[in-house]
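Computed from a predicted model, the values in this text were never measured in an experiment. The chains referred to below are lettered A, B, ... by the order of the sequence lines, with proteins before strands, and numbering in each begins at 1.
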Amino acid sequence: MILKSSSSRIVISVIKHIVLIGMLGFLFYVFFGAYENLEALYNTFGKDYFSRYAEAETGSKNLVTSILLDYRLFDSLFEAGILLIAVSGVIWISRHEIEEKNAQFMIDKFKTPDLFVTFSRLVYPLMLAFGFYVIINGHLSPGGGFQGGAIVATAILILYYIDAEKDTNINLIVTVEKYIYIAILLLATASYFTRGAFFTNVFPLESSADAKSIYLVVLNVLIGFKVALGLWAIFTAFLKEGR
Amino acid sequence: MDPLLTFIVILIGFYGLATSTNIIKSVFCVTIIESGVILLFLNMGNLDGGRIPVDIIPDTLIADPLPQALMITTIVIGSTVTSLSLMLCIKVFHHFGSVEWVDVLGMERGR
(Lines give C-alpha, C1' and ligand atoms only; values in the text may rest on other atoms or scores of the structure.)
Protein backbone atom coordinates (compact mmCIF):
# COMPACT_ATOMS: atom_id res chain seq x y z
CA MET A 1 0.00 0.00 0.00
CA ILE A 2 1.41 3.40 -0.94
CA LEU A 3 0.57 6.30 1.35
CA LYS A 4 0.37 9.47 -0.71
CA SER A 5 -1.35 11.97 1.54
CA SER A 6 1.00 14.47 3.15
CA SER A 7 -0.39 14.07 6.70
CA SER A 8 0.31 10.33 6.82
CA ARG A 9 3.80 11.00 5.46
CA ILE A 10 4.44 13.43 8.30
CA VAL A 11 3.16 10.86 10.82
CA ILE A 12 5.50 8.21 9.41
CA SER A 13 8.46 10.56 9.49
CA VAL A 14 7.71 11.50 13.12
CA ILE A 15 7.50 7.80 14.05
CA LYS A 16 10.82 7.17 12.29
CA HIS A 17 12.48 10.02 14.19
CA ILE A 18 11.09 8.75 17.52
CA VAL A 19 12.41 5.25 16.83
CA LEU A 20 15.78 6.69 15.81
CA ILE A 21 16.04 8.82 18.94
CA GLY A 22 15.08 5.78 21.02
CA MET A 23 17.91 3.78 19.43
CA LEU A 24 20.36 6.61 20.03
CA GLY A 25 19.17 6.78 23.66
CA PHE A 26 19.92 3.06 24.00
CA LEU A 27 23.41 3.67 22.55
CA PHE A 28 23.92 6.47 25.08
CA TYR A 29 22.86 4.09 27.87
CA VAL A 30 25.45 1.53 26.65
CA PHE A 31 28.16 4.23 26.48
CA PHE A 32 27.20 5.39 29.97
CA GLY A 33 27.52 1.85 31.33
CA ALA A 34 30.97 1.54 29.77
CA TYR A 35 31.94 4.87 31.32
CA GLU A 36 30.79 3.74 34.79
CA ASN A 37 33.08 0.68 34.58
CA LEU A 38 36.02 2.80 33.53
CA GLU A 39 37.28 3.53 37.05
CA ALA A 40 38.12 -0.14 37.56
CA LEU A 41 40.04 -0.31 34.27
CA TYR A 42 41.90 2.99 34.55
CA ASN A 43 45.56 2.78 35.49
CA THR A 44 48.63 4.97 35.13
CA PHE A 45 51.34 2.38 34.36
CA GLY A 46 52.01 3.60 30.83
CA LYS A 47 51.92 7.23 31.87
CA ASP A 48 54.36 6.60 34.74
CA TYR A 49 56.74 4.71 32.45
CA PHE A 50 56.74 7.46 29.82
CA SER A 51 57.19 10.26 32.37
CA ARG A 52 60.12 8.46 34.02
CA TYR A 53 62.09 6.98 31.13
CA ALA A 54 60.98 8.56 27.85
CA GLU A 55 63.20 11.64 27.98
CA ALA A 56 66.32 9.62 28.83
CA GLU A 57 65.61 6.87 26.30
CA THR A 58 64.62 8.94 23.29
CA GLY A 59 66.17 12.37 23.92
CA SER A 60 62.85 14.13 23.29
CA LYS A 61 61.36 16.57 25.78
CA ASN A 62 57.98 16.25 24.06
CA LEU A 63 56.68 12.83 25.12
CA VAL A 64 54.18 12.71 22.25
CA THR A 65 57.07 13.05 19.77
CA SER A 66 59.01 10.37 21.66
CA ILE A 67 56.07 7.99 21.14
CA LEU A 68 55.46 9.00 17.51
CA LEU A 69 59.08 8.83 16.37
CA ASP A 70 60.56 6.19 18.66
CA TYR A 71 58.30 3.82 20.60
CA ARG A 72 55.58 3.62 17.96
CA LEU A 73 57.43 4.63 14.80
CA PHE A 74 55.76 1.70 13.00
CA ASP A 75 52.39 3.45 13.43
CA SER A 76 53.72 6.73 12.07
CA LEU A 77 55.26 5.03 9.03
CA PHE A 78 51.96 3.50 8.05
CA GLU A 79 50.14 6.74 8.77
CA ALA A 80 52.44 8.51 6.30
CA GLY A 81 51.91 5.62 3.89
CA ILE A 82 48.12 5.95 4.15
CA LEU A 83 48.45 9.66 3.37
CA LEU A 84 50.48 8.80 0.26
CA ILE A 85 47.93 6.17 -0.84
CA ALA A 86 45.03 8.61 -0.28
CA VAL A 87 46.78 11.29 -2.36
CA SER A 88 47.27 8.77 -5.16
CA GLY A 89 43.60 7.78 -4.85
CA VAL A 90 42.36 11.37 -5.01
CA ILE A 91 44.48 12.08 -8.08
CA TRP A 92 43.39 8.85 -9.76
CA ILE A 93 39.69 9.53 -9.11
CA SER A 94 39.94 13.16 -10.23
CA ARG A 95 41.56 12.56 -13.63
CA HIS A 96 39.42 13.65 -16.57
CA GLU A 97 39.84 14.44 -20.23
CA ILE A 98 38.42 17.97 -20.16
CA GLU A 99 41.04 20.72 -20.36
CA GLU A 100 42.16 21.56 -16.84
CA LYS A 101 42.02 25.01 -15.37
CA ASN A 102 41.81 26.38 -11.86
CA ALA A 103 38.43 26.95 -10.23
CA GLN A 104 36.90 30.35 -10.81
CA PHE A 105 36.10 31.31 -7.23
CA MET A 106 39.70 32.26 -6.50
CA ILE A 107 39.76 34.81 -9.35
CA ASP A 108 36.34 36.28 -8.61
CA LYS A 109 37.04 39.74 -7.23
CA PHE A 110 33.62 39.96 -5.61
CA LYS A 111 34.25 36.90 -3.47
CA THR A 112 37.94 37.53 -2.69
CA PRO A 113 38.28 41.26 -2.03
CA ASP A 114 41.58 43.14 -2.41
CA LEU A 115 41.90 43.48 1.35
CA PHE A 116 42.01 39.70 1.67
CA VAL A 117 44.67 39.42 -1.04
CA THR A 118 46.81 42.11 0.62
CA PHE A 119 46.61 40.44 4.00
CA SER A 120 47.42 37.08 2.40
CA ARG A 121 50.65 38.63 1.10
CA LEU A 122 51.50 39.85 4.59
CA VAL A 123 50.58 36.65 6.43
CA TYR A 124 52.06 34.15 3.95
CA PRO A 125 55.76 34.38 4.99
CA LEU A 126 54.82 34.45 8.68
CA MET A 127 52.75 31.27 8.32
CA LEU A 128 55.57 29.57 6.42
CA ALA A 129 58.11 30.54 9.10
CA PHE A 130 55.78 29.40 11.89
CA GLY A 131 55.27 26.05 10.15
CA PHE A 132 59.02 25.48 9.90
CA TYR A 133 59.41 26.53 13.55
CA VAL A 134 56.81 23.97 14.65
CA ILE A 135 58.49 21.26 12.56
CA ILE A 136 62.05 21.90 13.73
CA ASN A 137 61.13 22.30 17.42
CA GLY A 138 58.92 19.21 17.40
CA HIS A 139 61.03 17.44 20.02
CA LEU A 140 61.24 20.45 22.39
CA SER A 141 57.80 22.05 22.30
CA PRO A 142 54.26 21.04 21.29
CA GLY A 143 54.22 20.27 17.60
CA GLY A 144 56.02 17.96 15.23
CA GLY A 145 56.14 16.88 11.63
CA PHE A 146 52.44 16.25 11.10
CA GLN A 147 51.19 19.48 12.68
CA GLY A 148 53.90 21.67 11.15
CA GLY A 149 53.36 20.06 7.76
CA ALA A 150 49.69 20.98 7.93
CA ILE A 151 50.61 24.60 8.74
CA VAL A 152 53.09 24.77 5.83
CA ALA A 153 50.43 23.31 3.51
CA THR A 154 47.95 25.97 4.65
CA ALA A 155 50.52 28.67 3.91
CA ILE A 156 50.99 27.27 0.41
CA LEU A 157 47.21 27.26 -0.12
CA ILE A 158 47.10 30.97 0.75
CA LEU A 159 49.50 31.45 -2.18
CA TYR A 160 46.61 30.59 -4.51
CA TYR A 161 44.73 33.68 -3.30
CA ILE A 162 47.69 35.87 -4.28
CA ASP A 163 48.17 34.31 -7.70
CA ALA A 164 44.93 32.63 -8.75
CA GLU A 165 46.24 31.24 -12.05
CA LYS A 166 49.29 29.63 -10.50
CA ASP A 167 50.09 26.44 -12.35
CA THR A 168 51.10 23.42 -10.29
CA ASN A 169 52.45 20.14 -11.55
CA ILE A 170 50.76 17.49 -9.40
CA ASN A 171 52.82 14.62 -10.76
CA LEU A 172 56.06 16.32 -9.72
CA ILE A 173 54.69 16.90 -6.20
CA VAL A 174 53.64 13.28 -5.80
CA THR A 175 56.97 12.01 -7.17
CA VAL A 176 58.91 14.11 -4.66
CA GLU A 177 56.57 12.88 -1.92
CA LYS A 178 57.26 9.25 -2.84
CA TYR A 179 61.04 9.79 -2.67
CA ILE A 180 60.67 11.49 0.73
CA TYR A 181 58.61 8.52 1.95
CA ILE A 182 61.35 6.14 0.80
CA ALA A 183 63.89 8.30 2.67
CA ILE A 184 61.75 8.08 5.83
CA LEU A 185 61.60 4.28 5.50
CA LEU A 186 65.39 4.08 5.00
CA LEU A 187 66.07 6.30 8.02
CA ALA A 188 63.70 4.22 10.14
CA THR A 189 65.34 0.98 9.03
CA ALA A 190 68.89 2.27 9.61
CA SER A 191 68.60 1.56 13.33
CA TYR A 192 68.82 -2.17 12.56
CA PHE A 193 72.51 -1.74 11.70
CA THR A 194 73.42 0.48 14.66
CA ARG A 195 71.14 -0.79 17.43
CA GLY A 196 70.01 -4.19 16.20
CA ALA A 197 66.32 -3.26 16.34
CA PHE A 198 64.01 -2.01 13.62
CA PHE A 199 62.19 1.33 13.72
CA THR A 200 63.85 3.20 16.57
CA ASN A 201 66.50 5.87 17.09
CA VAL A 202 69.61 5.49 14.92
CA PHE A 203 72.00 6.55 17.68
CA PRO A 204 72.81 4.02 20.44
CA LEU A 205 70.94 4.11 23.73
CA GLU A 206 73.96 5.45 25.65
CA SER A 207 74.57 8.50 23.45
CA SER A 208 73.64 11.98 24.66
CA ALA A 209 70.29 13.69 24.17
CA ASP A 210 71.88 16.13 21.70
CA ALA A 211 72.99 13.29 19.43
CA LYS A 212 69.59 11.64 19.62
CA SER A 213 67.81 14.87 18.78
CA ILE A 214 69.64 14.98 15.40
CA TYR A 215 67.65 11.91 14.38
CA LEU A 216 64.42 13.42 15.73
CA VAL A 217 64.89 16.70 13.85
CA VAL A 218 65.76 14.98 10.57
CA LEU A 219 62.77 12.63 10.78
CA ASN A 220 60.43 15.48 11.78
CA VAL A 221 61.59 17.58 8.82
CA LEU A 222 61.11 14.67 6.40
CA ILE A 223 57.63 13.88 7.75
CA GLY A 224 56.71 17.58 7.72
CA PHE A 225 57.68 17.98 4.07
CA LYS A 226 55.85 14.78 3.18
CA VAL A 227 52.61 15.88 4.87
CA ALA A 228 52.83 19.39 3.37
CA LEU A 229 53.35 18.00 -0.15
CA GLY A 230 50.52 15.50 0.31
CA LEU A 231 47.99 18.11 1.42
CA TRP A 232 49.16 20.46 -1.34
CA ALA A 233 48.58 17.73 -3.93
CA ILE A 234 45.08 17.02 -2.54
CA PHE A 235 44.17 20.72 -2.66
CA THR A 236 45.50 21.10 -6.20
CA ALA A 237 43.48 18.08 -7.31
CA PHE A 238 40.32 19.75 -5.95
CA LEU A 239 41.26 23.08 -7.53
CA LYS A 240 41.63 21.45 -10.96
CA GLU A 241 37.96 20.44 -10.82
CA GLY A 242 37.02 23.94 -11.98
CA ARG A 243 35.72 23.66 -15.51
CA MET B 1 34.98 18.53 29.55
CA ASP B 2 32.99 15.59 30.79
CA PRO B 3 33.28 12.42 28.67
CA LEU B 4 29.49 12.18 28.57
CA LEU B 5 29.40 15.31 26.42
CA THR B 6 31.68 13.59 23.89
CA PHE B 7 29.16 10.71 23.78
CA ILE B 8 26.52 13.28 22.91
CA VAL B 9 28.72 14.68 20.10
CA ILE B 10 29.14 11.15 18.71
CA LEU B 11 25.38 10.53 18.91
CA ILE B 12 24.65 13.83 17.13
CA GLY B 13 26.88 12.54 14.34
CA PHE B 14 24.93 9.26 14.23
CA TYR B 15 21.63 11.14 14.12
CA GLY B 16 22.81 13.31 11.25
CA LEU B 17 24.12 10.27 9.40
CA ALA B 18 20.71 8.57 9.70
CA THR B 19 18.62 11.59 8.69
CA SER B 20 20.72 13.55 6.18
CA THR B 21 19.48 13.48 2.60
CA ASN B 22 22.62 14.95 1.06
CA ILE B 23 25.87 13.05 0.44
CA ILE B 24 28.07 15.99 1.46
CA LYS B 25 26.14 16.33 4.74
CA SER B 26 26.74 12.63 5.37
CA VAL B 27 30.47 13.18 4.91
CA PHE B 28 30.34 16.04 7.42
CA CYS B 29 28.50 13.79 9.90
CA VAL B 30 31.31 11.24 9.65
CA THR B 31 33.74 14.06 10.53
CA ILE B 32 31.56 15.02 13.52
CA ILE B 33 31.68 11.42 14.81
CA GLU B 34 35.44 11.47 14.32
CA SER B 35 35.77 14.70 16.36
CA GLY B 36 33.72 13.11 19.14
CA VAL B 37 36.01 10.09 19.19
CA ILE B 38 39.08 12.36 19.31
CA LEU B 39 37.63 14.31 22.25
CA LEU B 40 36.75 11.04 24.01
CA PHE B 41 40.31 9.69 23.69
CA LEU B 42 41.88 12.94 24.87
CA ASN B 43 39.55 12.92 27.90
CA MET B 44 40.43 9.32 28.74
CA GLY B 45 44.12 10.20 28.70
CA ASN B 46 43.67 13.02 31.18
CA LEU B 47 41.09 11.83 33.72
CA ASP B 48 43.02 13.10 36.76
CA GLY B 49 43.85 16.45 35.20
CA GLY B 50 47.59 16.82 34.61
CA ARG B 51 49.91 19.13 32.69
CA ILE B 52 50.74 18.74 29.02
CA PRO B 53 53.39 16.01 28.53
CA VAL B 54 56.09 18.42 27.35
CA ASP B 55 59.24 19.31 29.31
CA ILE B 56 57.98 17.53 32.40
CA ILE B 57 58.91 18.33 35.99
CA PRO B 58 59.49 15.18 38.10
CA ASP B 59 56.69 14.09 40.47
CA THR B 60 53.96 16.15 38.80
CA LEU B 61 50.80 14.86 37.17
CA ILE B 62 50.93 14.76 33.36
CA ALA B 63 48.38 13.84 30.73
CA ASP B 64 48.88 10.43 29.13
CA PRO B 65 50.88 11.03 25.91
CA LEU B 66 49.85 7.77 24.25
CA PRO B 67 46.23 8.75 23.33
CA GLN B 68 47.51 12.08 22.04
CA ALA B 69 50.00 10.32 19.76
CA LEU B 70 47.23 8.00 18.53
CA MET B 71 44.91 10.92 17.87
CA ILE B 72 47.44 12.63 15.57
CA THR B 73 47.17 9.49 13.44
CA THR B 74 43.38 9.73 13.55
CA ILE B 75 43.34 13.39 12.51
CA VAL B 76 45.64 12.82 9.51
CA ILE B 77 43.74 9.71 8.38
CA GLY B 78 40.40 11.46 8.93
CA SER B 79 41.43 14.35 6.70
CA THR B 80 42.46 11.94 3.94
CA VAL B 81 39.19 9.99 4.25
CA THR B 82 37.22 13.25 4.05
CA SER B 83 39.12 14.41 0.97
CA LEU B 84 38.61 11.05 -0.77
CA SER B 85 34.87 11.10 -0.02
CA LEU B 86 34.47 14.69 -1.22
CA MET B 87 36.31 13.86 -4.44
CA LEU B 88 33.92 10.92 -4.92
CA CYS B 89 31.04 13.38 -4.30
CA ILE B 90 32.30 15.57 -7.14
CA LYS B 91 32.40 12.53 -9.43
CA VAL B 92 28.88 11.51 -8.34
CA PHE B 93 27.64 15.01 -9.13
CA HIS B 94 29.17 14.96 -12.61
CA HIS B 95 27.65 11.55 -13.28
CA PHE B 96 24.14 11.93 -11.81
CA GLY B 97 23.72 15.71 -11.77
CA SER B 98 22.78 15.71 -8.09
CA VAL B 99 24.23 14.87 -4.69
CA GLU B 100 20.93 13.88 -3.04
CA TRP B 101 20.80 10.27 -1.85
CA VAL B 102 17.28 9.85 -3.30
CA ASP B 103 18.28 10.88 -6.82
CA VAL B 104 21.47 8.83 -6.84
CA LEU B 105 19.89 5.64 -5.50
CA GLY B 106 16.70 6.07 -7.54
CA MET B 107 18.54 6.46 -10.83
CA GLU B 108 20.67 3.47 -9.94
CA ARG B 109 17.58 1.31 -9.27
CA GLY B 110 15.77 2.50 -12.40
CA ARG B 111 18.44 1.25 -14.79
Residues in residues 78-87 of chain B that sit under 4.5 Å from chain A, counting heavy atoms only: B/T80, B/S83, B/L84, B/L86, B/M87
Could you grab the distance from atom OG of A/S51 to atom CG of B/D59, nearest 0.5 Å is fine? 8.5 Å
Is there a side chain to side chain donor-acceptor pair (under 3.5 Å) between A/D48 and A/T44 once you walk through the steps? CA-CA 6 Å; A/D48 292 341; A/T44 59; 3.2 Å; yes
So how far is it from B/S20 OG to B/Y15 OH, rounded to the nearest 0.5 Å? 10.5 Å
Does any heavy atom of chain B fall under 4.5 Å from the side chain of A/A150, the backbone, both, or neither of them? neither
From B/M71 CE over to B/I38 CD1, what is the distance, rounded to the nearest 0.5 angstrom? 6.5 Å
Measuring from atom CD1 of A/I67 to atom CG of A/N62, what distance do you get when rounded to the nearest 0.5 angstrom? 9.5 Å
Of the backbone (N, CA, C, O) and the side chain (C-beta and beyond), which part of A/I93 lies under 4.5 Å from a heavy atom of chain B, both, or neither? both
Ring-ring centroid check A/F78 A/F74, cutoff 6.0 Å: yes
How many angstroms lie between atom CG of A/L20 and atom CG of B/L17, to the nearest 0.5 angstrom? 10.0 Å
Select, from B/T73, B/I56, B/D55, the one with the greatest count of heavy-atom pairs under 4.5 Å involving chain A. B/T73
d(A/L63 CG, A/K47 NZ) to nearest 0.5 Å is 11.5 Å
Can you tell which of B/D64, B/I8, B/T19, B/I10 has the highest number of heavy-atom pairs within less than 4.5 Å of chain A? B/D64
Pair A/D70-A/S66, side-chain donor/acceptor within less than 3.5 Å: no
Please classify the contact of A/I85 with chain B as side chain, backbone, both or neither, using a heavy-atom distance under 4.5 Å. neither
In terms of heavy-atom proximity below 4.5 Å to chain B, should A/R52 be classed as side chain, backbone, both, or neither? neither
Heavy-atom pairs under 4.5 Å with chain B are the metric here; pick the option from A/F146, A/F50, A/Y71, A/F28 that has the most. A/F28
Does the side chain of A/L77 reach to within under 4.5 Å of the side chain of A/L185, using non-hydrogen atoms? yes
Chain B contact via A/T65 - side chain, backbone, both or neither, heavy atoms under 4.5 Å: neither
